[in-house]
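Working notes, structure below.
Residue indices begin at 1 and follow the sequence shown. Values reported hereafter were calculated over all heavy atoms of this structure, with side chains retained and with hydrogens, waters and symmetry mates removed. Indexing begins at 1, ligand by ligand and atom by atom, following the structure's order.
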Amino acid sequence: MSEAAGQSQSFQAQPFQADVARLLHLMVHSIYSDRDIFLRELLSNAADACEKLRYEALADPALAKQPFNITIGVDKDAGTLAIEDNGVGMTREDLADSLGTIARSGTRAFLDRLGARPESGELSPQEAEDVRETELESKGGAHVDLIGQFGIGFYSAFMVADRVEVFSRRAGSDEAFVWSSDGKGSFTITPLDLDHAPEHGTRVVLHLTEASKDYLDAYKIEGIVREHSSALAAPIELVESPGAEPRRLSDGQALWTKPKSAITAEEYADFYHTLAGQFDAPALTIHWRAEGRHEYTVLAFVPSSRPFDLFNPERHGRARLYVRHVLITDDADVLPRWLRFVRLVVDSADLPLNVSREMIQESPVFGAIKKGVANKILHELTKLAENDSAKFDDVWKHFGVVLKEGLYEEPEKRDALFALARFASSSHPEGGRTLKDYIAGLKENQTAIYYLLGDDLKRLAASPQLEGFAARGVEVLLLPDPIDAFWVSTAVGYEGKPFKSVTQGAADIASIPLLDAAAGEAPEAQPPAGLAALFALMKQTLEDSVAEVRASDRLAQSPACLIAPDRGPDRRLEQLLAEHGQLGAATKPILEINPKHPLIQALASLVGSPDRQKIEDITWLIFDEARLMEGEKPANAPEFATRLTRILLEAAGRSAA
Ligand SMILES: Nc1ncnc2c1ncn2[C@@H]1O[C@H](COP(=O)(O)OP(=O)(O)OP(=O)(O)O)[C@@H](O)[C@H]1O
């Protein structure tokens, strides 16, 4: 395509991507009370643009012609507010891509939270309008909180403006363009005379709506900048009217470079909001300078709520890595995966600046920083757990499931993580138990730390496998997260006590005294007559579905439960492996029977009677009941229904037809 043709096409209005159109509609119609957010977002973009050029100028110093600076310009007569930076700027393609589509994963997640998105592809303006109106009506104000939770970047400008113009010139380019839109479905990009363009960088001009004219007030602007944006790494100036002397609002000294004593809690929190794009208060702020073999400064935050993408497999630590205050990347792989909820800035004095981003991250110095950062964060979490257990419990509630990945992935950190770990248990289903607490409560003759794996805490707490343990006052850890099955099977133990699944192998608890000694002796002492014959018959009936039918010492109230054989994986681990296609053939479970249960005793007395059908029905129903208690389905649903109906009919006094 010729340049001329390209330009004439760019004069035409281009439709926004359907998602952007939806987002813009939300902005315009938003009743979100914190409209100040738009200035914070635009200033943050301006500072990012300066950081990008600072990095590019390392290789080509001629690109950055002036010291970095952000200017907020007020023009009361025109009713405009301009945010200008002398950062990297945007090409025509950048303008179309960055301001016409949605690249931010956070914004995308925000839209996803609002519900099903329209078909991909562009909608006609009328179609888009219909979709949006319906959504707004049906969702009511649900989006309001979400805006605060995610931040929405550049498009927040349309909360206060009915037209936005973006004048931009890419550093090193001799072309400039202006992007313009009223936020109603389309935008234009037109070439810009270089006399009206920034030397390099971007000027965003907001034509404020009548209702937003208060943003022309210098005090208001100053307040927002001081409160939210003073930690940005570029100075911010205010020009109160066209031609007036600029007034400096912020010195552009990055927050982490200041001494801790000079930083308020609010400044830390505001910096965290900009860094994380999340607007909760940080649960823990860790700011330190390492001075030894390597010199670096770290400012790290533990959020107080879960980021939306915590379980996205592609989510990394998301660290901002600086070398001597120059931003190298905002996606550095500083943290191990099990600390991926931490947001942080690392500024190194020793890493080389003149090599590629990739090479920096492969250097031994970077390796040493990674190690130091993980150790320090773990140390601070441990201190929090010791000094403020209520606050730590909250951190664990949100991120314990991620920290537990470290138990599996980094065995050398296991001891430190064990000291942090909090569990729900049979005696404390509400959670908050440490392994230390557990060990302190060991019963006479107890040789193991018992646990029960599953996927639902409530069901685990009601599990029949716990009955025999409860009868002896033995605490059992309830482990409901998928990662539990992995770490617990590889961890050797804690304080000399091995971890032992209560659904695997023999329970080995007969030697632990019963709390209520009058409740009876061990079950094997008094096997009811016909029990051996019953077990043989049950095994024959269940055929290949079970490996064995045997008496249990882990049951008290329930008739039966399923357990895994002594050797082989726990049943839950096996389930998880099967779900991920990593299991060839499943091992058959053992059906353990409570010989003292009235149902079992009644069934034993039927052995030898001609009513074989009834024994078979009850046997299968006992087996399926045990499966149901584990959250599984009956082995064969139609057969289960037929047998259950037959037995119910008989119980109701009718025989099956
Ligand atoms: N002043 C600017 N200078 C240069 N590029 C900009 C500027 N403002 C926005 N952009 C470009 O537009 C893109 C979209 O901006 P937006 O604020 O919506 O999201 P973002 O800044 O990428 O998100 P995040 O804050 O999560 O990094 C930016 O990534 C950037 O490429």
Take the angle between the ring planes of Phe16 and Phe187 and call it parallel below 30°, perpendicular above 60°, tilted in between.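 Because their plane-to-plane angle lies in the 30° to 60° range, the rings of Phe16 and Phe187 count as tilted.
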List the residues meeting side-chain contact (heavy atoms from CB on, under 4.5 Å) with Glu56, not counting sequence neighbours, and say none if there are none.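 Glu56: side-chain contact (heavy atoms from CB on, under 4.5 Å) contacts with Leu53, Leu63, Val88, Arg170.
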Take atom CD of Glu210 as the centre, draw a 6.0 Å sphere, and report whether it contains more than 12 heavy atoms from other residues, nucleotides or ligands.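 Result for CD/Glu210: open.
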Given that the side chain starts at C-beta and the backbone is N, CA, C, O, which of these parts of Met90 lies under 4.0 Å from ligand 1, counting heavy atoms, or is it both or neither?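 Side chain only; the backbone of Met90 stays clear of ligand 1.
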To which of Asp97, Asp85, Asn45 does the heavy atom nearest atom 9 (C) of ligand 1 belong?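 Residue with the shortest heavy-atom distance to the ligand atom: Asn45.
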Closest candidate by heavy atom, reference atom 11 (C) of ligand 1, pool Ser98, Ala49, Gly201, Ser168: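 Closest candidate by heavy-atom distance is Ser98.
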For a quick check under 3.5 Å, do Ser212 and Arg35 share a side-chain donor-acceptor pair by atom type?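 The answer is yes; a qualifying pair exists.
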